[in-house]
S.K.: 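Structure incoming, see below.
Basis for what follows: all heavy atoms, side chains included, without hydrogens, waters or symmetry-related copies.
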Amino acid sequence: MHEETVIIGKGGEFPLEGVLTLPDSPHEALPALLLVHGSGPLNRDEKIGVLTPFKDIAKFLAANGIASLRYDKRTFVYGKKLRKELKNPTVREETIDDALAATKVLKADARINPHAVFLAGHSLGGMLAPRIDGEGGDYAGIIILAGSPRNLLDIIEDQNAEAIASLTGAIQFIAKKQVAALLKQIDTYNTWSLEESKHHKLINISAYYFKEMEAHPASDYLLQLNKPTLILQGGSDFQVSVDKDFGAYKALLKNHPNIKFHLYPGLSHTFTPSIYGNIMKAKQEYKVPGRVHEQVLDDIRDFIMSSPVDHPTASGGA
């Protein structure tokens with residue numbers, strides 16, 4: 001394995017450091033995978049507790065002849081600056097623009113086949129992956145890791161409900177009151193127009209963040225996909241639901257032969273073995289050392305290597 005430091009968005013306002021991971025003795029026309037993070041200020045390895053799922057994927061792919069690019073998220077590097085200067089942040093500033101810039105870096109590298117660049121988005125990145133593809137990514141295929149075609153607020157409501165169900169006594173009573181207040185806020189939020197939402201906050205961020213996502217439903221992009229797509233989820237994931245999220249993908253895309261689905265019993269949101277399987281023990285879950293399960297890694301590799309792509313000419317031209 002060989003790794004090189006690259007700069008995403010070089011010359012722009014928010015340059016980001018990333019790592020291009022290559023097989024030993026890299027040659028021309030390598031297939032490559034771009035890794036896009038979930039929510040929150042995450043580094044290039046998508047470090048969650050002691051887990052580093054993106055690093056696990058990158059190392060495995062390099063050992064199997066596939067390049068990859070992972071990078072520090074904008075909110076990880078420039079969080080304070082963004083909070084100070086950006087009144088109405090959206091997923092475009094948080095994720096999409098940098099993913100598209102990273103795609104250009106990959107496709108411009110002479111060792112990479114620009115027609116064999118794939119995108120893997122995890123969690124929020126998985127929710128946005130079809131939109132990133134549709135807004136200029138133009139990937140050979142897409143991998144959605146623990147994503148959802150539903151609205152983000154619907155997922156947050158379900159996470160709160162699951163958390164309450166795991167509590168008892170006075171703590172549960174207090175939590176129910178807090179969630180009731182949140183639901184009341186959401187009811188009010190639902191009456192706001194896209195423009196009105198710019199003047200309000202929800203869960204301590206601009207309500208426009210959620211409205212802008214809802215104006216670009218994942219389902220619209222998914223239904224237009226005609227390229228190979230792989231949708232993966234852990235069976236013990238407590239951040240997205242097997243029934244409501246993975247199940248929603250299957251129901252929405254049941255007549256699309258280009259889509260493949262894999263569910264992994266016993267795996268968590270990070271595709272590592274789940275120990276607790278309880279949203280109230282998320283911190284403990286992610287403090288247990290582990291790595292992305294071998295079967296998940298094998299399925300990602302096989303998807304990339306088996307997907308039909310155009311190949312450069314012998315001279316290396318696109």
Side-chain angles (χ1 to χ4, degrees), residues 1 3 8 16-22 32-64 66-77 94-95 98-99 102 106 118-129 132 141-148 155 229-240 242 245-246 261-277 279 281-304:
M1 182 182 76
E3 292 195 322
I8 311 302
L16 300 169
E17 195 170 280
V19 176
L20 177 63
T21 306
L22 299 157
L33 181 68
L34 175 66
L35 293 155
V36 176
H37 329 68
S39 58
L42 297 164
N43 72 1
R44 67 196 69 181
D45 296 332
E46 205 191 31
K47 189 174 186 296
I48 304 170
V50 299
L51 305 175
T52 54
F54 280 7
K55 186 176 184 180
D56 294 345
I57 294 170
K59 289 174 65 177
F60 175 84
L61 292 181
N64 285 269
I66 300 169
S68 66
L69 176 57
R70 63 194 196 273
Y71 55 94
D72 293 331
K73 195 174 175 181
R74 189 183 298 195
T75 49
F76 177 78
V77 181
E94 180 189 17
T95 299
D98 296 326
L106 264 182
F118 294 77
L119 169 66
H122 178 233
S123 196
L124 178 65
M127 294 174 71
L128 295 172
I132 297 167
I142 294 172
I143 302 170
I144 297 173
L145 300 157
S148 175
I155 297 169
T229 302
L230 182 64
I231 299 178
L232 311 179
Q233 185 169 327
S236 296
D237 190 333
F238 49 72
Q239 292 185 234
V240 290
V242 171
D245 297 301
F246 187 71
F261 305 89
H262 288 295
L263 182 67
Y264 305 92
L267 297 190
S268 71
H269 192 61
T270 54
F271 294 89
T272 53
S274 177
I275 306 301
Y276 298 99
I279 196 166
K281 293 189 175 181
K283 287 185 178 180
Q284 294 98 312
E285 184 82 73
Y286 301 138
K287 285 181 180 178
V288 179
R291 64 189 296 271
V292 174
H293 195 277
E294 202 171 283
Q295 187 60 59
V296 178
L297 296 172
D298 286 345
D299 288 341
I300 291 172
R301 175 201 59 204
D302 294 347
F303 172 77
I304 292 171

S.K.: Are R44 and E17 ion-paired here, with the side-chain N under 4.0 Å from a carboxylate O?
M.R.: yes

S.K.: CG of L61 to CG of D56: how many Å apart, nearest 0.5 Å?
M.R.: 10.5 Å

S.K.: Taking the six-membered ring for Trp, are F54 and H122 parallel (under 30°), tilted (30 to 60°) or perpendicular (over 60°)?
M.R.: perpendicular

S.K.: Looking only at heavy atoms, what is the nearest atom pair of A129 and I142, with distance?
M.R.: CB-CG2, 3.8 Å

S.K.: Which atom names give the shortest non-hydrogen contact between L267 and H293, and what distance separates them?
M.R.: CD1-CB, 3.5 Å

S.K.: Evaluate the side-chain proximity of I300 to L232: yes if any heavy-atom separation is below 4.5 Å, no if none is.
M.R.: yes

S.K.: Dump the intermediate steps for side-chain contact (heavy atoms from CB on, under 4.5 Å) on R301 and I66, then the final yes or no.
M.R.: CA-CA 8 Å; R301 175 201 59 204; I66 300 169; 4.1 Å; yes

S.K.: Is there a side-chain contact between T95 and H37, using heavy atoms and a 4.5 Å cut-off?
M.R.: no

S.K.: So, does K47 use its side chain to make a donor-acceptor pair with the main chain of G49 at under 3.5 Å?
M.R.: yes

S.K.: To check you understand the geometry: which heavy-atom pair defines the closest contact between I155 and M127, and what is its length?
M.R.: CD1-CE, 3.9 Å

S.K.: Between OG1 of T21 and CD1 of I57, what distance do you get to the nearest 0.5 Å?
M.R.: 11.5 Å

S.K.: Is any side-chain N of the basic residue among E3 and K55 closer than 4.0 Å to the acidic one's carboxylate O?
M.R.: no

S.K.: Where is the tightest heavy-atom contact between A102 and Y71, given as atom of each residue plus distance?
M.R.: CB-CE2, 3.7 Å

S.K.: Do you know which two heavy atoms are closest between F271 and V296, and how far apart they sit?
M.R.: CD2-CG2, 3.9 Å

S.K.: Nearest 0.5 Å, what's the NZ-CD1 distance between K287 and I275?
M.R.: 14.5 Å

S.K.: Taking E46 for the side chain and P53 for the main chain, is one N or O donor matched with an acceptor at less than 3.5 Å?
M.R.: no

S.K.: Mind running side-chain hydrogen bond (donor to acceptor under 3.5 Å, both in side chains) on E94 and T75 for me, showing each step along the way?
M.R.: CA-CA 7 Å; E94 180 189 17; T75 49; 5.0 Å; no

S.K.: Yes or no on side-chain contact (heavy atoms from CB on, under 4.5 Å) for F76 and L42, after CA distance, side-chain angles and deciding distance?
M.R.: CA-CA 5 Å; F76 177 78; L42 297 164; 5.7 Å; no

S.K.: With the threshold set at 4.0 Å, does a side-chain nitrogen-carboxylate oxygen contact exist between D98 and K73?
M.R.: no

S.K.: Pick one: which of L297, T270, T52 meets side-chain contact (heavy atoms from CB on, under 4.5 Å) with V292?
M.R.: L297

S.K.: Roughly how far, to the nearest 0.5 Å, is the CG atom of L16 from the CG atom of D72?
M.R.: 7.0 Å

S.K.: Out of curiosity, L34 CG to L106 CG, how far, rounded to the nearest 0.5 Å?
M.R.: 6.0 Å

S.K.: Looking at every non-hydrogen atom in both residues, tell me the closest pair between R291 and P273 and how far apart they are.
M.R.: O-CD, 4.0 Å

S.K.: Using the six-membered ring wherever Trp is involved, compare the ring planes of F246 and F261 and label them parallel, tilted or perpendicular (cut-offs 30° and 60°).
M.R.: perpendicular

S.K.: Is it the case that the side chains of S148 and D245 hold a donor-acceptor pair, with the cut-off being a distance below 3.5 Å and no angle test?
M.R.: yes

S.K.: Roughly how far apart are I48 CD1 and S123 OG, rounded to 0.5 Å?
M.R.: 7.5 Å

